[in-house]
Amino acid sequence: MIKVSNEDLLFAIDEKPETMYVWHSRFEDRFKDHAHLKGQLTYVEGGIIFLYTKEKSYFLPARHYVWIPAGVEHHLQHRYHAAIVRNIYFDTTTDEENPFYKQIGIYPVNNLLLEMFLFSERWNGNIEPKTKEYDFLSTLKNILPIVSEHPLPIALPTTENQRLRPALRHIVDHLSNDALSLESVSKTMGFSERTLSRLFQSALETSFFQYLKLARMIKAMEKLLETDLTISEIAYAVGYNSISSFSNTFYKVVGKRPSEFKELKQSTLTKLNTV
């Protein structure tokens, strides 16, 4: 595989607005914040990916893909080992036909989509209109709104507020502490509870407790997919001393029980070993 510079690759993706662009690669944290003139579809085989935008950070687990609309500034960062990242950049000619294409979303990959992703690995670079390859990718794009009805509801709001950012780092660094609370974080960071609560609402448009819950669920999802810890060990590691409380909260946020979500790891490994 010929290695090109970041600048050359970003230029190549958008050089011909009428084409689609295919890029499969061993994952590297190659790009800082950037945007494309095309919509981006990314599927990662193995590992965990985080998508960062100006407003939120998104968790992309195994057996899921992310849709990033054209023009959205972002960067991707991987955690742990990632095998291959499959990127397809679509022209925007049909984006007005469905609101799906106008918002970021993370969705589970069914067998049909997975086979289509794998089929596309034989191509690389620009895919010109009026070709069989272009028609195939157009079909892939057109079925996304049909088969992607249930986005993964996991996104942490982010902020450039310099008063709040240290508190967010403290929360993420101490998720295993079951005594973590608005009161304890306020004392540690030198805020009154009222002030910290208002900062969350004004800067993140969410409550302290909602942010803490989402942060814990994201960490739990990481551990479920990337470690061999038991569910009870993971519950304690993210600040829950009740397995049932952890499981119920996980189900409300993710839509699956922790045991069901953990099965994604094995199904992904099985699929990769048969490719």
Side-chain angles (χ1 to χ4, degrees), residues 29 32-33 48-61 64 66 68 72-80 103-106 151-227 229 231-258 261:
D29 296 324
K32 296 181 180 179
D33 286 341
I48 288 174
I49 295 293
F50 279 83
L51 165 67
Y52 295 95
T53 69
K54 292 295 186 182
E55 293 79 27
K56 293 182 179 180
S57 59
Y58 298 81
F59 176 80
L60 177 57
H64 287 71
V66 60
I68 306 172
V72 172
E73 191 169 315
H74 66 279
H75 75 272
L76 297 169
Q77 184 180 87
H78 79 280
R79 304 279 179 90
Y80 311 106
Q103 57 189 6
I104 290 176
I106 294 173
L152 189 68
I154 291 289
L156 271 182
T158 59
T159 180
E160 296 298 322
N161 187 301
Q162 295 304 310
R163 297 181 68 198
L164 187 56
R165 285 173 67 88
L168 301 185
R169 286 195 296 270
H170 177 80
I171 291 171
V172 172
D173 290 342
H174 296 84
L175 291 175
S176 61
N177 182 358
D178 61 0
L180 199 64
S181 65
L182 179 63
E183 180 183 6
S184 67
V185 175
S186 298
K187 287 182 178 179
T188 300
M189 307 312 299
F191 294 124
S192 68
E193 292 181 44
R194 183 181 181 86
T195 297
L196 184 58
S197 181
R198 284 181 169 178
L199 275 174
F200 268 87
Q201 290 293 348
S202 62
L204 301 179
E205 297 183 353
T206 193
S207 69
F208 170 90
F209 301 103
Q210 179 68 7
Y211 184 92
L212 176 59
K213 178 172 67 176
L214 287 175
R216 281 177 162 157
M217 292 303 101
I218 286 176
K219 178 58 68 175
M221 292 167 75
E222 282 190 69
K223 291 183 177 295
L224 284 165
L225 293 178
E226 294 298 330
T227 75
L229 295 175
I231 291 174
S232 60
E233 289 172 330
I234 292 172
Y236 295 133
V238 297
Y240 284 82
N241 52 26
S242 165
I243 308 304
S244 61
S245 178
F246 166 70
S247 181
N248 290 337
T249 301
F250 191 93
Y251 181 78
K252 289 178 181 177
V253 173
V254 181
K256 297 178 183 291
R257 292 290 177 184
F261 192 82

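The chain is numbered in sequence order, starting from 1.
- Sorted by first and then second residue, the pairs that involve residues 197-211 and meet side-chain hydrogen bond (donor to acceptor under 3.5 Å, both in side chains), not counting sequence neighbours, are Gln210-Lys213.
- Without hydrogens or angle criteria, Ser186 side chain to Leu182 main chain gives a donor-acceptor distance under 3.5 Å.
- Counting all heavy atoms, side chain and backbone alike, Leu214 lies closest to Ala155 at CD1-O, 3.6 Å.
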Let me see the working for Glu183 and Glu193 under side chain to side chain contact (heavy atoms under 4.5 Å, CB included), right down to the final yes or no. CA-CA 6 Å; Glu183 180 183 6; Glu193 292 181 44; 3.6 Å; yes
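- For Phe59 and Phe50, the distance between ring centers is under 6.0 angstrom.
- Rounded to the nearest 0.5 Å, atoms CZ (Phe191) and CZ (Arg163) are 5.0 Å apart.
- Here the OH atom belonging to Tyr236 is positioned 13.0 Å from the CG atom belonging to Leu229, to the nearest 0.5 angstrom.
- For Arg257, the CZ atom counts as densely surrounded, since its 6.0 Å shell holds more than 12 non-hydrogen atoms of other residues, nucleotides or ligands.
- Side-chain atoms of Thr188 come within 3.5 Å of backbone N or O of Ser184 as a donor-acceptor pair.
- Contact of the Glu222 side chain with the Lys219 side chain is registered, since non-hydrogen atoms from C-beta on lie closer than 4.5 Å.
- Counting all heavy atoms, side chain and backbone alike, Lys256 lies closest to Phe250 at O-CD2, 3.0 Å.
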Val253 and Met221: CA distance, side-chain angles, deciding distance, side chain to side chain contact (heavy atoms under 4.5 Å, CB included) verdict: CA-CA 11 Å; Val253 173; Met221 292 167 75; over 6 Å; no
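- Judged purely by atom type and a 3.5 angstrom limit, His64 has no side-chain atom pairing as donor or acceptor with the backbone of Leu60.
- For the pair Asp178 and Gly239, the tightest heavy-atom approach, listed with the atom from each and the gap, is CB-O, 3.3 Å.
- Ser176 places no side-chain N or O within 3.5 Å of a backbone atom of Val238 that could act as its donor or acceptor partner.
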Test side chain to side chain contact (heavy atoms under 4.5 Å, CB included) on His74 and Val66; report intermediate values, then the result. CA-CA 12 Å; His74 66 279; Val66 60; over 6 Å; no
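- Going from atom CE of Met189 over to atom CG of Leu196 covers 8.5 Å, rounded to the nearest 0.5 Å.
- To the nearest 0.5 Å, atom CG of residue Leu168 and atom CZ of residue Arg165 are 8.0 Å apart.
- In this structure, Leu224 and Pro258 have side chains that are in contact, with non-hydrogen atoms separated by less than 4.5 Å.
- Distance CD1/Ile68 to OG1/Thr53: 9.5 Å, rounded to 0.5 Å.
- Contact record, Ser57 with Thr158: N-CG2, 3.8 Å, taken as the closest heavy-atom pair.
- Contact record, Ala215 with Leu156: N-CD2, 3.8 Å, taken as the closest heavy-atom pair.
- Here the NE2 atom belonging to His174 is positioned 13.0 Å from the CG atom belonging to Leu212, to the nearest 0.5 angstrom.
- Counting heavy atoms from C-beta outward, Ile104 and Glu55 have side chains that stay 4.5 Å or more apart.
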